[in-house]
Amino acid sequence: MNIEKKLSEKIIEAFQSLYGGTIDNVTFEKTSSDFKGDLTFVVFNYLKLSKKSPEVTANEIGTYLIQNLTEVSDFNAVKGFLNITINDFFWLNYFNSINGKAIPFDSAPPNPSTIMVEYSSPNTNKPLHLGHVRNNLLGYSVAEILKATGNHVIKTNIVNDRGIHICKSMLAWQKWGNGETPESTGMKGDHLVGKYYVVFDKQYKSQITELKSEGLSEEQAIANSPLMKEAQQMLLDWENNNADVRKLWTMMNGWVYKGFESTYKMMGVDFDKIYYESNTYLLGKNIIEEGLKKDILKRRADNSVYIDLTADGLDEKTLLRGDGTSVYITQDLGTAVQRADEDHFNKLIYTVGNEQDYHFKVLFLILKKLGYEWADGLFHLSYGMVELPEGKMKSREGTVVDADELMQEMINTAAATTKELGKATDLTNDELEKLYRTIGLGALKYFMLKIDPKKKMLFNPAESIDFNGNTAPFIQFNYVRIQALLRKAKEGSSDFADIDLVKQNVELLPKEKELIIKLYNFNTTLNQAAKEYSPALIANYVYDLAKEYSQYYHEIPILKEELKDLMLFRLQLSKTIGFTIKKSMNLLGIDVPERM
RNA sequence: GAUCCCAUAGCUCAGCUGGAUAGAGCAACGGUUUUCUAAACCGUAGGCCUUUGGUUCGAAUCCAAAUGGGAUCACCA
């Protein structure tokens with residue numbers, strides 16, 4: 001039932017029959033609103049075959065189509081643009097085939113791919129911030145989109161639960177914590193641990209200042225800071241399984257996990273498989289050995305191992321230190337191989353900020369050189385940083401927008417706005433709480449997902465996120481209006497109890513045809529979003545749909561339409577649009593309320 | 001120094017697989033509610049698509065360079 005495909009075939013046929021030439025698949029674009037028609041075929045590229053002027057060629061093709069394809073009801077040729085009108089029957093037929101339900105995805109791949117989507121990947125020394133919010137929403141949404149296109153998706157998270165940064169928090173807590181716990185302070189665990197990360201930094205800096213005032217250079221001061229030495233010792237103790245350090249580590253990480261859990265829950269994201277770096281950080285050494293045997297990797301005089309990527313326009317990259325210990329990329333090599341062995345993925349998508357573009361380029365190239373076939377399925381979903389007006393966020397200095405606080409603020413704003421507008425007054429308190437969350441978090445999620453992932457984005461905390469215009473609340477509002485219509489229809493008359501059963505052939509208004517075409521385009525958009533890993537395409541689609549509907553709603557009577565068939569058709573159209581809005585929003589991880 | 005990413009209305013962004021007169025939202029100004037939820041709708045105003053050159057019948061879109069902004073180039077993670 002793909003009209004573009006049908007048209008394309010007929011046009012190829014037309015060229016064959018009219019001009020005796022063969023052409024490849026042709027493409028169409030949406031006819032400009034200034035001209036009559038639904039789809040436009042541009043003939044300029046094919047004039048060599050027709051050996052006629054653009055206008056004549058377009059006219060001849062148009063005539064052929066109208067004679068040989070029943071779906072084509074009209075055409076006009078302007079210069080080289082052939083504007084094709086598809087008859088209402090086709091569109092209505094398509095619409096009836098959906099029949100008031102969510103649009104089914106029509107081209108699920110015959111062999112579903114297994115796709116791992118890694119996202120979030122937090123450090124356990126501080127709470128999640130705005131940057132993580134973008135990461136989480138993006139990863140979650142991409143996973144949902146890939147699922148919707150028929151893939152088997154495994155959402156994974158690799159938690160960086162070990163390293164010097166955690167030791168800093170641990171040390172500071174040990175020294176200045178006075179035994180504080182989440183229970184004793186009422187603080188969320190991740191925030192409590194984050195507090196001591198900042199304490200460490202403060203103490204460390206004042207120590208450096210002190211050492212410098214004693215006459216040491218900056219470099220010497222850094223090298224001789226007792227606090228940093230202690231932290232490093234703690235890391236060594238951790239690696240050597242020192243019981244006390246491990247106990248402290250387990251306790252504090254436990255606090256953090258509890259905190260993360262509630263943040264993830266509030267955000268509405270989840271994972272199928274969680275890895276911990278404390279389990280994976282030693283992986284990868286055997287791969288290095290293999291690589292050395294194959295002579296792909298080289299050993300330096302000091303015993304360190306590296307790979308020479310200069311021929312590929314990159315640098316030499318060290319993979320193992322002289323003392324035999326791992327570096328960051330060693331473990332990434334190891335986890336990639338482990339995942340390939342365990343999960344047999346076709347694709348592995350790393351949702352990580354664009355500051356690591358180089359790292360992933362190197363990682364993928366090394367794996368490829370080592371001969372892993374699945375390395376072609378690796379993809380770095382690189383997204384731009386979230387910046388504040390004053391520049392980059394620095395968690396050590398506490399200049400971050402905290403995820404928990406931001407979400408709460410959004411919910412508060414949603415509550416205030418709802419009250420101000422005097423809306424939803426008949427809901428219970430529980431329902432209201434849920435509504436505020438749906439609207440507030442919806443606004444936040446949409447705000448972050450509607451922007452092309454690869455672009456960096458500016459977040460100004462002073463200007464609150466909008467609730468009007470191109471926003472989630474606007475889209476949600478249109479969904480709610482539809483639900484209100486449907487409710488009223490059912491209450492008003494038993495004739496409308498089952499709107500789904502009605503199939504009507506009516507004369508379409510231009511706006512109605514436009515809306516059906518929009519619905520028809522859902523699958524194309526979904527496919528493209530999956531192909532490009534871009535939730536922004538879905539966001540733009542659903543906004544367009546809601547906006548068109550909003551105009552329609554204002555222009556055309558629905559429940560007040562006197563012709564019953566027409567009223568039913570319009571209700572059915574509204575219902576289908578409602579389904580599509582909901583489905584699209586869910587792909588973005590956004591809920592829609594029934595009332596607001 | 002090298003590499004990568006970005007540049008479209010005052011602001012935030014679409015448009016990028018070349019096509020017809022470059023689109024939204026916000027902000028500004030004016031209008032619409034005894035009638036299906038006004039978180040809405042309609043209208044006005046706002047543009048050298050950073051610049052220059054190239055490819056093409058045709059360039060915001062592709063190529064090259066310049067300018068400006070960001071990131072990266074650790075035996076850190």
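Fair warning: this is a prediction, and the values are worked out from it, not measured in the lab.
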Rounded to whole angstrom units, what separation is found between the [atom1] atom of [X] and the [atom2] atom of [N]?
X: A:Asn45; N: B:C57; atom1: CG; atom2: C1'; value: 10 Å
X: A:Asp323; N: B:A74; atom1: CG; atom2: P; value: 19 Å
X: A:Lys30; N: B:G15; atom1: NZ; atom2: C1'; value: 13 Å
X: A:His165; N: B:C76; atom1: NE2; atom2: P; value: 15 Å
X: A:Leu319; N: B:C76; atom1: CG; atom2: P; value: 13 Å
X: A:His359; N: B:U72; atom1: NE2; atom2: P; value: 14 Å
X: A:Ile538; N: B:A14; atom1: CD1; atom2: P; value: 15 Å
X: A:Tyr446; N: B:U12; atom1: OH; atom2: P; value: 17 Å

Presence of [X] side-chain N/O under 4.0 Å of [N] phosphate oxygens OP1/OP2:
X: A:Lys455; N: B:A7; answer: yes
X: A:Arg321; N: B:A74; answer: no
X: A:Lys456; N: B:A71; answer: no

Base versus backbone protein contacts along nucleotides 28-42 of chain B [heavy-atom cut-off under 4.0 Å; B, S, -] = -------BBBSBBSS

Go ahead and name the base partner of [N]; Watson-Crick or wobble counts if both distances stay under 3.5 Å, otherwise write none.
N: B:U3; result: B:A71
N: B:A77; result: none
N: B:G10; result: B:C26
N: B:G46; result: none
N: B:C36; result: none
N: B:G18; result: none
N: B:U55; result: none

Using every non-hydrogen atom in the two residues, find where [X] and [Y] come nearest and quote the distance to one decimal.
X: A:Ser574; Y: A:Tyr549; result: OG-OH, 2.8 Å
X: A:Pro535; Y: A:Leu588; result: O-CD2, 3.5 Å
X: A:Leu333; Y: A:Ile287; result: O-CD1, 3.7 Å

Among A:Asp591, A:Ile581, A:Thr438, whose side chain to side chain contact (heavy atoms under 4.5 Å, CB included) with A:Gln476 holds?
->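 Option passing the side chain to side chain contact (heavy atoms under 4.5 Å, CB included) with A:Gln476: A:Thr438.
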
Return yes if the base of B:C13 and the side-chain atoms of A:Asn470 contain a donor-acceptor N/O pair under 3.5 Å, otherwise no.
->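 No such pair is found, so the answer is no.
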
Side chain A:Thr40 and base B:A20 donor-acceptor under 3.5 Å | yes

Suppose you measure atom [atom1] in [N] against the same atom in [M]; what distance do you get, rounded to whole Å?
N: B:G68; M: B:U50; atom1: P; answer: 16 Å
N: B:A59; M: B:G54; atom1: P; answer: 12 Å
N: B:G15; M: B:U8; atom1: C1'; answer: 9 Å
N: B:A74; M: B:G69; atom1: P; answer: 24 Å
N: B:C16; M: B:A24; atom1: P; answer: 16 Å
N: B:G30; M: B:U12; atom1: P; answer: 26 Å
N: B:C5; M: B:C62; atom1: P; answer: 12 Å
N: B:A14; M: B:C6; atom1: C1'; answer: 16 Å

Among B:C4, B:C73, B:G19, which is the nearest nucleotide to the side chain of A:Tyr358?
-> B:C73

Nearest-neighbour nucleotide for the A:Glu355 side chain, B:U72, B:C4, B:A77 considered =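 The closest nucleotide is B:U72.
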
Is the ring centre of A:Phe44 under 5.5 Å from the base ring centre of B:G58, and are the two planes under 30° apart, so that they stack?
-> no

For [X], answer base if it contacts any base atom (sugar-phosphate contacts may also be present), sugar-phosphate if it contacts only those atoms, and nothing otherwise; contact means non-hydrogen atoms under 4.0 Å.
X: A:Asp332; result: nothing
X: A:Asp302; result: base
X: A:Gly163; result: nothing
X: A:Tyr543; result: sugar-phosphate

When you match A:Lys531 and A:Phe35 each to their closest nucleotide on RNA chain B, which lands nearer the 5' end?
->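 Its nearest nucleotide being more 5', the pick is A:Lys531.
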
A:Glu29 or A:Glu277, whichever maps to the more 5' nucleotide of RNA chain B | A:Glu29

Which of parallel (below 30°), tilted (30 to 60°) and perpendicular (above 60°) describes A:Trp238 and A:Trp249?
->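 Aromatic pair A:Trp238/A:Trp249 classed perpendicular.
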
Is the shortest heavy-atom distance from the side chain of A:Lys36 to the side chain of A:Thr85 under 4.5 Å?
-> yes

Pair up each side-chain donor or acceptor in residues 315-322 of chain A with any protein partner under 3.5 Å, not counting sequence neighbours, and list the distances.
| from | atom 1 | to | atom 2 | distance (Å) |
| --- | --- | --- | --- | --- |
| A:Asp315 | OD2 | A:Tyr358 | OH | 3.4 |
| A:Thr318 | OG1 | A:Arg300 | NH1 | 3.3 |
| A:Thr318 | OG1 | A:Arg300 | NH2 | 3.3 |
| A:Arg321 | NH1 | A:Thr325 | OG1 | 2.9 |
| A:Arg321 | NH1 | A:Ser326 | O | 2.9 |

Side-chain donor or acceptor of A:Ser53 paired with backbone N/O of A:Val56 under 3.5 Å | yes

Short question: side chain of A:His132, backbone of A:Ser120 - any donor-acceptor pair under 3.5 Å?
->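 Judged by distance alone, no pair lies under 3.5 Å.
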
Looking only at side chains, do A:Tyr275 and A:Asn157 share a donor and an acceptor under 3.5 Å apart?
-> no

